[in-house]
Amino acid sequence: MSSGFARSYKLFVGNLPWTIGSKELRTYFSKYGHVANAEVVFDRQLGLSKHYGFVVFSQRDAFNSASNQNTHFLEGRVLTVQRANESP
DNA sequence: GTTGAGCGTT
């Protein structure tokens, strides 16, 4: 079962609106629990968001709550949340 | 000012 206990609870968040930033992302996921770090990937060449980012939770409870829902809503848009590939 | 499919700038 794809189980995997990672050292950090990192989630890959995609389908982000163009108006969303790391702070907005952290604020949204902060509802589920304490967010250790949340950042949206930006293109250094263009300076625009890449429409996806990463959210790291400090507690498994927060990660569990967020991971329990694969579909999230932010600013009226649907966000795709998956576990990051960083740590298998 | 525009766009869109994906696992990254310090």
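- A/Phe73 shares a hydrophobic cluster with A/Val78; the chain of contacts runs through ILVMFWY side chains whose heavy atoms sit under 4.5 Å apart.
- Regarding the sugar-base torsion, B/dG4 falls in the anti class, its angle being beyond 90° of 0.
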Checklist entry - When you check every protein heavy atom under 4.0 Å of nucleotides 3-10 of chain B, what one-letter string (B, S, -) results, 5' to 3'? => result BBBBBBBS

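- When all heavy atoms of A/Pro17 and A/Leu74 are compared, the closest pair comes out as CG-O, 4.0 Å.
- Aromatic pair A/His72/A/Tyr32: ring centres closer than 6.0 Å.
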Validation: residues 42-51 of chain A side-chain donor-acceptor distances under 3.5 Å, sequence neighbours left out:
{"unit_1": "A/Asp43", "atom_1": "OD1", "unit_2": "A/Gln45", "atom_2": "N", "d": "3.3"}
{"unit_1": "A/His51", "atom_1": "NE2", "unit_2": "A/Ser49", "atom_2": "O", "d": "3.4"}

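- Between A/Phe57 and A/Tyr9, the ring centre distance reaches or exceeds 6.0 Å.
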